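These numbers come from the heavy atoms of this one structure, side chains and all, not from hydrogens, waters or symmetry mates. From a predicted model like this one, the values you see are computed outputs, not experimental measurements. Labels below follow one simple rule: chain letters A, B, ... track the order of the sequence lines, proteins then strands, and each chain is numbered from 1.
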Number of protein chains: 2
Amino acid sequence: MPPTDTTTMEKILDAARKLFVQQGFAATTTRDIAKEAGINLALVNYYYGSKQNLFKTIMVEHMKGFMKGLSVGINDPSRGLEEKFAFMADSYISMLLVQPDVPLFLLRSLREEPDVLFRDVGIGPILTDSLLMKEIDAALKAQGRSLISPLQIFINLMGLCVFPFIARPILQMASGIDDDQYTTMMNERRSLIAKWMMAMITTEQR
Amino acid sequence: MPPTDTTTMEKILDAARKLFVQQGFAATTTRDIAKEAGINLALVNYYYGSKQNLFKTIMVEHMKGFMKGLSVGINDPSRGLEEKFAFMADSYISMLLVQPDVPLFLLRSLREEPDVLFRDVGIGPILTDSLLMKEIDAALKAQGRSLISPLQIFINLMGLCVFPFIARPILQMASGIDDDQYTTMMNERRSLIAKWMMAMITTEQR
DNA sequence: CCACGAATTAATCATTTGTTTTAATCATTT
DNA sequence: AAATGATTAAAACAAATGATTAATTCGTGG
């Protein structure tokens, strides 16, 4: 890794990303960012105008990354339904093992500034017309379960992937397992989730 | 509802609960709390010592409520496995429809102050020896799936209940459905989740 | 009615924090 | 080398914030 090659703007961005994701907007001061970046305080606003604007930059960056990854997964024509589930679960878990705080950061930020999505990220109802939703719909209909919205199934997929990382502190305490065991469990989920998803879809409705 | 019958301490507590849960610790000022409670600024610290202590009070309160509800659900001997799933899902969804911000508040707070759980809330590995975990374990073994930890299944239950509320902003935007439709979906999940859980447990392992 | 303690208020303090300013330094070009 | 513009540093400012103080009001028992 190049320690000195990074420009000042990048150093600020890296520090801000780390702190904002970890602590949120209000709990992070511009002085924290400057110190973490190892640069002078004035440079934060010199390059990014304001703390608010710097935060928005980080937020949009992460949001776009998420949306991009999502749109790839849900529209991949080379995979069938179960394979899509497996691929998406594996991808998300890989990402979450490295950046476990990002989902909480995004969800928290969206409550504070929901408008950012519309203005700065190109986000519409990309889910509605996706290949994945069509395939889920078809699979449900094949089981005579057309009363269930495909969106319910998609929510389950995301929940099974993301929730264990968001709720890790509580879950780990309530179960009493250590960090290594928890990581092992998360890795097991890579392949389990797709099977669970198929089971939910194909089980009989009583 | 009695508007004036509430004591000053309760007024402060109510205001603090609302604001802390909504915005978090750092984003909430003591002046916000005083204004929301309709009382003088000095009274906040007069009754609760410090902002930090007031926050801890709210946090412990919510955490205890959660743990209490959980321990009831997972140890109910009058219900079988699927009935437990159904009851717990129904309970959580009822609570989440009224207080959708509580989970995010708890999860966020636990990252900031994980010690509070140990010191102020009686929390141990209550899950490990619970009736629910034993029943999940038995059901898995009956399917010859003893490789899967029962904790995985429990995580799924919580995720299916809580995640759609935590991630509501993103999910609603990505799908383009309105508030009423979303609430309708959440109500449908009351009964769906238990069936999904059973499907995940009883499906064949390939 | 008075006295005493609790409750409430307005004012103030000491820090913190976002932001700006002004001057100094560095790098590159002429 | 001089000049020019970009970059960095130190200091300062105004507003916000957690906390405290001192005075005032309120309620209740004697």
Note to self: If we check side-chain contact (heavy atoms from CB on, under 4.5 Å) with Q181(A), which of these qualifies: I177(A), T183(A), D179(A)?
What the structure shows: I177(A)
Check: Please give, in whole Å, the distance from dT20(D) P to Y47(B) OH?
Finding: 17 Å
Next item on the list: Figure out the CG/P separation between L54(B) and dT17(D), and round it to whole Å.
Entry: 16 Å
Next item on the list: Go through the side-chain N and O atoms of N53(B) and S50(B) and say whether any donor and acceptor fall under 3.5 Å apart.
Entry: no
Checklist line | DNA chain C: 5'-most and 3'-most nucleotides touching chain A, 4.0 angstrom heavy-atom criterion | finding: dT17(C) to dT21(C)
Next item on the list: Assign T29(B) to base, sugar-phosphate, or nothing according to its heavy-atom contacts below 4.0 angstrom with the strands shown.
Entry: sugar-phosphate
Item checked: Among F105(B), F55(B), F20(B), ring pair (Phe, Tyr, Trp, His ring centres under 6.0 Å) partner for H62(B) -> F105(B)
Notebook entry, point to check: Do R17(B) and D14(B) meet the salt-bridge criterion of a basic N to acidic O distance under 4.0 Å?
Noted result: yes
Next item on the list: Test D90(A) against every option in R190(A), M95(A), R189(A) by the side-chain contact (heavy atoms from CB on, under 4.5 Å) rule and name the one that passes.
Entry: R190(A)
Notebook entry, point to check: Nearest-Å distance, CD (Q52(B)) to P (dA19(D))?
Noted result: 8 Å
Check: How many angstroms lie between atom CG of L151(A) and atom CD of Q172(B), to the nearest 0.5 angstrom?
Finding: 9.5 Å
Next item on the list: First locate atom CD1 of I33(B), then atom OH of Y48(B), and finally report the distance between them rounded to the nearest 0.5 Å.
Entry: 10.5 Å
Item checked: N-O pairing of K134(A) and D137(A) below 4.0 Å -> no
Notebook entry, point to check: Could you give the CG-to-P distance, from N40(B) to dT25(D), as a whole number of Å?
Noted result: 14 Å
Note to self: Show me the dot-bracket string of DNA chain C, counting Watson-Crick or G-U pairs under 3.5 Å, with | for pairs to another strand and [ ] for crossing ones.
What the structure shows: ||||||||||||||||||||||||||||||
Next item on the list: Would you mind reading off the distance between I33(B) atom CD1 and dT17(D) atom P, rounded to a whole angstrom?
Entry: 12 Å
Check: Could you state the CD1-P distance from I12(A) to dA9(D), rounded to the nearest angstrom?
Finding: 11 Å
Checklist line | Length of the OH-C1' vector between Y46(B) and dA22(D), whole Å | finding: 14 Å
Check: What is the distance from CG of L41(A) to P of dA10(D), rounded to the nearest Å?
Finding: 11 Å
Notebook entry, point to check: When the ring planes of F66(A) and Y92(A) are compared, do they come out parallel, tilted or perpendicular, using 30° and 60° as the limits?
Noted result: tilted
Check: What's the closest nucleotide to the R31(A) side chain, out of dA12(D), dA9(D), dA19(D)?
Finding: dA12(D)
Note to self: If you compare every side-chain N and O of T8(A) against the phosphate oxygens of dT8(D) (OP1, OP2), does one of them come in below 4.0 Å?
What the structure shows: yes
